[in-house]
Amino acid sequence: MIQVKLFDREHEKDLEKEMNHFLKRLDEKSLLDIKYNVAAFPEDDEEEQIYCFSAMIIYKA
């Protein structure tokens with residue numbers, strides 16, 4: 001059966017850490033693909049931006 005695992009973090013290092021933790025438990029032969037996305041948008045009434053780093057791991061269960 002094909003499954004997905006979704007990740008969503010505000011900091012890229014947090015995303016990397018969580019994904020690596022998941023991948024350690026996954027058999028390499030089960031991994032099918034990894035999709036990655038970054039979104040940025042301005043915070044209300046401030047000059048700062050909010051970032052969203054997300055990824056999806058597609059694997060065979």
Side-chain angles (χ1 to χ4, degrees):
M1 174 175 18
I2 297 176
Q3 294 190 339
V4 299
K5 174 70 175 173
L6 302 176
F7 301 89
D8 181 33
R9 294 288 173 257
E10 289 183 24
H11 301 287
E12 66 272 16
K13 291 294 183 184
D14 293 336
L15 178 67
E16 179 182 1
K17 184 177 178 180
E18 187 175 351
M19 289 180 67
N20 283 332
H21 180 73
F22 178 80
L23 289 169
K24 280 183 188 178
R25 299 177 293 148
L26 188 65
D27 182 4
E28 283 185 41
K29 295 176 186 175
S30 299
L31 179 63
L32 299 176
D33 200 3
I34 296 175
K35 305 293 184 185
Y36 177 74
N37 188 50
V38 178
F41 46 94
E43 196 168 349
D44 293 337
D45 298 331
E46 293 188 25
E47 294 182 14
E48 293 186 28
Q49 287 188 340
I50 296 175
Y51 289 90
C52 177
F53 299 90
S54 59
M56 176 174 64
I57 297 175
I58 304 168
Y59 64 99
K60 289 183 184 179

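None of the values given here were measured: they were computed from a predicted structure.
Summarising the geometry of L15 relative to F7, their closest heavy-atom pair is CD1-CB, 3.3 Å, with the distance given to 0.1 Å. Taking each heavy atom of Y59 and V4 in turn, the nearest pair found is CE2-C, 3.9 Å.
F22 and Y36 end up in the same hydrophobic cluster when Ile, Leu, Val, Met, Phe, Trp and Tyr side chains are linked at under 4.5 Å.
Distance check, rounded to the nearest 0.5 Å: CD1 of I57 to CG of L31 gives 7.0 Å. Summarising the geometry, atom CG belonging to D33 is positioned 7.5 Å from atom CE belonging to M56; distances are rounded to the nearest 0.5 Å. Atom-to-atom distance recorded for Y51:OH and E10:CD is 12.5 Å, nearest 0.5 angstrom. Here the straight-line distance linking atom CE of M1 with atom NZ of K60 works out to 13.0 Å at 0.5 Å rounding. K35 contributes atom NZ, which lies 13.0 Å from atom CG of L6 (distance to the nearest 0.5 angstrom). For the atom pair CE of M19 and NZ of K5, the computed distance is 11.0 Å after rounding to the nearest 0.5 Å.
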Check the pair E16, K13 against side-chain contact (heavy atoms from CB on, under 4.5 Å), reporting the backbone distance first and the verdict last.
CA-CA 5 Å; E16 179 182 1; K13 291 294 183 184; 3.6 Å; yes

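The local environment of CD in E48 is sparse, with at most 12 non-hydrogen atoms from other residues, nucleotides or ligands closer than 6.0 Å.
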